[in-house]
Amino acid sequence: MATEVLTQKENKGFSFGKKERALLTDPLNDNNPITVQVLGICSALAVTTGMKNALVMSIAVVFVCLFANMITSMLRNSIPKSVRMIVQLVIIATLVTIVELTLKAVAFEAYKQLSVFIGLIITNCIVMGRLEAFAMANRPYESALDGLGNGFGYGIILLAVAFFRELFGKGSLFDYKIIGGSAEYLIDTTQSWLFGWYAPNNLMVLFPSAMFVIGILIWVHRAWNPKLVDIS
Amino acid sequence: MHSTKSTLLFVLAMTTIVAVVLAGMSTGLKSIHDKNEALYAKKATLSAVADHLGMDFSSITNEQVIEVFNSQIEQLVLDAKGNVVPQAQVNELYKGGLAENIDLGKEFKKPGDEQLYPLYIYTKKDGSKYYILSARGKGLWDAIWGCIALKDDLNTIAGVAFDHKAETPGLGAEIKDNPSFKKQFIGKKLYENGAFRSVFVRKGGAKDPVYEVDGISGATITADGVTEMLKRGLKYYEPYLKTVKG
């Protein structure tokens, strides 16, 4: 992919030009970690039952991606090649533990709900992949942009999946009740003449539905973006 | 190229820095973590009597939880014979000396006659009392625990709250997340003609309207764990409940 070609010789300052913008926007669309590279699927299945969980997870991954990329890039010339994978893992694990400790202090309920999945960011291929493919060969500035881009690329898909799953599964968004069979909901299906036939589908809350939603997202994304059409 | 010596030095330096940073952060945040943990446990206890609090439990604030706990809840620690253990004596084992400080997991490892059990008595604004008992058992993967609120006849269940350490989301974890599972327990009874019977979570659907509730599909072992936990855990309170009944 085009992003890997950047070298330190081409860029010296902290300018924000076409290439830098590509670092940020490529992972959102043409090179999306989930829909194009098909990485990080496991956590995308697990934490997308609600928008709130997906948002907290996205923020955590953006944070880890950004700083792991930056730190690895700063150390890239001093990391001994023979242990570079271990060093990268230690950097990621440290950041994830920091996220976990912080969440436990400021957002305890979210921490309880996400529990193991925060720890599993360590094994998220997106983070490790970016360190190996990009941060080990580029300056901290570009690496930071790349980390941010990939974090956002992951987050945007997570939120999209969670949107469909929470809305159609529970009838709510961010726990705000939108559509369902009682007076607490914005659209009360027992009263509304338009939505009287509608009932939330419990399957959407279960894991298989995340597979369907991600699959459909990948399909739509590839059909819509001409660069992703496989000509062979 | 890096020599073996410089590689070792790098790894050593990195590990030291990481260890210092994480250890520092963990100790620094410990007091906040403990506070959150305690509050979470209090909220879980209160959720057993959620229908009787006189406010919407889903939007309850942390301050309200603490206020209810301070003003309307009496905490007792019981021994195996049903006697109330004085706070000073509990203090030797648990800092704080209150029912909320007791770790049931630790208690169940002791010999039977030395165990201590926490009890919360919630007094509603109209004066009626609810007895909240605690139980702890095993699910499929790890520990499960719960609070069971009894009405003042000390027989009818007024509400339950379960929690678990590592049950599967969507299956075993439903004992905590599924409100309709917990709702089934309301109105169920523990004693049949004065003899302890407990509530049975039956796979395939309850057969007895008073002593059984429906199981959860795909979570048989967790449900059996709940049955076992209730049967064993609530029995421990029998001596005390008898003295209260008189």
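Every value quoted in this text rests on a predicted model; they were computed, and no experiment measured them. Residue numbers start from 1 in every chain, and the chains themselves are labelled A, B, ... in the order their sequence lines are given, proteins ahead of strands.
With chain A as partner, the option from V21(B), V11(B), T7(B), I32(B) having the largest number of non-hydrogen pairs under 4.5 angstrom is T7(B). Ranking T49(A), I98(A), L75(A) against chain B, the residue ahead of the rest is I98(A), based on heavy-atom pairs under 4.5 Å.
At least one side-chain heavy atom of M25(B) sits less than 4.5 Å from a side-chain heavy atom of T102(A). No side-chain heavy atom of V90(A) sits under 4.5 Å from any side-chain heavy atom of T15(B). At a threshold of 4.5 Å between non-hydrogen side-chain atoms, the residues V87(A) and M14(B) count as touching.
Interatomic distance, NZ of K104(A) versus NZ of K30(B), reported as 8.5 Å (0.5 Å rounding).
Here the side chain of H33(B) pairs a donor or acceptor atom with the backbone of L101(A) at under 3.5 angstrom. Side-chain N or O atoms of N36(B) include none that pairs as donor or acceptor with a backbone N or O of F108(A) at under 3.5 Å.
No more than 12 heavy atoms of other residues, nucleotides or ligands shown are found within 6.0 angstrom of CD1 on I221(B). By the neighbour-count criterion of 12 heavy atoms within 6.0 Å, atom NZ of K112(A) is densely surrounded, having more than that number from other residues, nucleotides or ligands. For NZ of K52(A), the number of neighbouring non-hydrogen atoms (other residues, nucleotides, ligands) closer than 6.0 Å is 12 at most. With a 6.0 Å radius and a threshold of 12 heavy atoms from other residues, nucleotides or ligands, K42(B) has its NZ atom above the threshold. Within a 6.0 Å sphere centred on CZ of F164(A), heavy atoms belonging to other residues, nucleotides or ligands number 12 at most. Applying the 6.0 Å contact sphere to CD of E67(B) captures no more than 12 heavy atoms from other residues, nucleotides or ligands. Under a cut-off of 6.0 angstrom, the local environment of NZ in K124(B) is crowded, with over 12 non-hydrogen atoms contributed by other residues, nucleotides or ligands.
K43(B) touches chain A through its side chain: at least one heavy atom from C-beta onward sits under 4.5 Å away, while N, CA, C and O do not. Neither the backbone nor the side chain of Y111(A) comes within less than 4.5 Å of any heavy atom of chain B. Neither the backbone nor the side chain of I91(A) comes within less than 4.5 Å of any heavy atom of chain B.
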